[in-house]
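Only heavy atoms go into these numbers, but all of them, side chains included; no hydrogens, no water, no symmetry mates.
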Amino acid sequence: MIPPVAPQSLRIVSYNIRKAMGTDRCRDPERIMRIIRSLHADVVVLQEADRRRAPRPSALPLDSVEKATGMRPVPTPSDVSIGWHGNAVLVRPSAKIDHVAHLTLPGVEPRGAMVADLNIGARQLRVIASHLGLLRPSRKEQLSAMIAHLDACTACPTLIAGDLNEWSQKVGLGRLAKRFTIHAPGKSFHARMPVAFLDRIALDQHLTVMQGGVIETPQTRRASDHLPIWLDVAHR
């Protein structure tokens, strides 16, 4: 069972929902939304939140996401997609969304990142949501593109969350590790028998971890091939 949110912290969740297709081969958006609601998060970053083919309709029903999850989707350029290249960000209704950028990332496969500048309880937070490519050279290019974008932005406490698709804890994420502390709070893939730390949350020097973990329950083992991860994050 997930513990209460640590004092003076924000709960961040990252979850690859595989288009709401479960390991039981049932597509069940309502199940995903029930899980999201149960996590009591301030920010939820989703991967594979849209169907793959254009116009990439949302895997979760847009007209009921806020009511079912208690969270508000960060806007995207599309009126049918909850995400950008499958990446979605949900926030507490009380959060203020100051700015949103949608990045197209380099690589063999079409990939992107959503950058949301938020104000949550008078605390500024920049959240970058991404799902990196399957090939390591592409992942390196994609990380370089996100870091270049950050270099052009006004400084702000920042985290990067998502399915980084990197099996190694030491190789492939070096350019990210130079700027961020990378946290993998537990093995999150495959949901039925977790063996890999594919899902991670990286924090800059302005943020620190209070507690974190992986949500492994009978429901999350069936809902997707990834388990959701979470961190309670405090500003330094």
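Side-chain contact check for P77 versus W84: some heavy-atom pair is nearer than 4.5 Å. Using a 4.5 Å cut-off on side-chain heavy atoms (C-beta onward), I120 and V43 make contact. In this structure, the side chains of Q211 and P185 stay at 4.5 Å or more apart for every pair of heavy atoms. The side-chain heavy atoms of I160 and L176, taken from C-beta on, include a pair separated by under 4.5 Å. Side-chain contact between M146 and V115 is absent, with no heavy atoms from C-beta onward closer than 4.5 Å. Side-chain contact between D28 and M21 is absent, with no heavy atoms from C-beta onward closer than 4.5 Å. Looking at heavy atoms from C-beta onward, D50 lies in side-chain contact with S81 at the 4.5 angstrom threshold. Here the side chains of L132 and S138 are not in contact, with every heavy-atom distance at 4.5 Å or above.
Between the side chain of R31 and the backbone N or O of C26, at least one donor-acceptor pair lies under 3.5 Å. With hydrogens and angles disregarded, a donor-acceptor distance shorter than 3.5 Å links the side chain of T217 to the backbone of T220. Of the possible donor and acceptor atoms, one in the side chain of Q142 sits under 3.5 Å from a partner among the backbone N and O of G133.
When only modelled atom types and interatomic distance are considered, S144 and R175 share a side-chain donor-acceptor pair under 3.5 Å. For D163 and Q47, the side-chain atoms include no donor-acceptor pair closer than 3.5 Å.
Between A129 and V89, the shortest heavy-atom distance links the atoms CB-CG2, 3.7 Å. Closest non-hydrogen pair, S78 versus P55, comes out as OG-O, 4.5 Å. Across every non-hydrogen atom of A191 and L227, the tightest pair is CB-CD2, 3.8 Å. The shortest non-hydrogen separation linking L231 to H183 is CD1-CB, 3.8 Å. When all heavy atoms are compared, the tightest approach of N87 to G112 is ND2-O, 2.9 Å. Of all heavy-atom pairs spanning R139 and L134, the tightest one is NH1-O, 3.0 Å.
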| Audit row: R18, E48, salt bridge (charged side-chain N to carboxylate O under 4.0 Å, His left out) steps and yes/no | CA-CA 5 Å; R18 195 169 70 157; E48 299 193 29; over 6 Å; no

| Taking it one step at a time, do L46 and I36 satisfy side chain to side chain contact (heavy atoms under 4.5 Å, CB included)? | CA-CA 10 Å; L46 301 177; I36 291 171; 4.1 Å; yes

| field | Worked verdict on H190 versus T23 for side chain to side chain contact (heavy atoms under 4.5 Å, CB included) | value | CA-CA 9 Å; H190 186 279; T23 57; 3.7 Å; yes

| Can I182 and F197 be said to form a side chain to side chain contact (heavy atoms under 4.5 Å, CB included), step by step? | CA-CA 11 Å; I182 305 171; F197 301 86; over 6 Å; no

| request: Decide side chain to side chain contact (heavy atoms under 4.5 Å, CB included) for L125 and I12; before the verdict, give the C-alpha distance in whole Å, the side-chain angles of both, and the deciding distance to 0.1 Å. | output: CA-CA 11 Å; L125 182 67; I12 313 298; 4.1 Å; yes

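Using a 4.0 Å cut-off between charged side-chain N and carboxylate O, R192 and D24 make no salt bridge. Using a 4.0 Å cut-off between a side-chain N of Lys or Arg and a carboxylate O of Asp or Glu, R126 and D117 qualify as a salt bridge.
Atom CG of D204 is separated from atom CZ of F180 by 5.5 Å, given to the nearest 0.5 angstrom. I229 CD1 to E216 CD: the interatomic distance, rounded to the nearest 0.5 Å, is 13.5 Å. Rounded to the nearest 0.5 angstrom, L164 CG and L198 CG are separated by 8.5 Å. Between R222 atom CZ and S224 atom OG the span is 13.0 Å, to the nearest 0.5 Å. Note: Q124 CD to L118 CG = 10.0 Å, rounded to the nearest 0.5 Å. Expressed to the nearest 0.5 Å, how far CD of Q219 lies from CD1 of I35 amounts to 7.0 Å.
The neighbour count for H235 NE2, taken as heavy atoms of other residues, nucleotides or ligands under 6.0 Å away, is above 12. The environment of CD in E109 is crowded: more than 12 heavy-atom neighbours from other residues, nucleotides or ligands sit within 6.0 Å. Atom CZ of R51 is surrounded by 12 or fewer heavy atoms from other residues, nucleotides or ligands within 6.0 Å.
Hydrophobic clustering of Ile, Leu, Val, Met, Phe, Trp and Tyr side chains at less than 4.5 Å, counting indirect connections, keeps L10 apart from W230. With hydrophobic clusters built from ILVMFWY side chains whose heavy atoms lie under 4.5 angstrom apart, M71 shares a cluster with L39. In terms of hydrophobic clustering, with Ile, Leu, Val, Met, Phe, Trp and Tyr side chains grouped at heavy-atom distances under 4.5 Å, I147 and L173 are assigned to different clusters. With hydrophobic clusters built from ILVMFWY side chains whose heavy atoms lie under 4.5 angstrom apart, V65 shares a cluster with I17. The hydrophobic clustering, which links ILVMFWY residues whose side-chain heavy atoms are closer than 4.5 Å, places I82 and V74 apart.
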Indicate every side-chain donor-acceptor pair of residues 91-98 with a distance under 3.5 Å to a residue at least two apart or in another chain.
unit_1, atom_1, unit_2, atom_2, d
R92, NE, A41, O, 2.8
R92, NH2, A41, O, 3.4

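Using cut-offs of 30° and 60° for the angle between ring planes, the H226 and F189 rings count as tilted.
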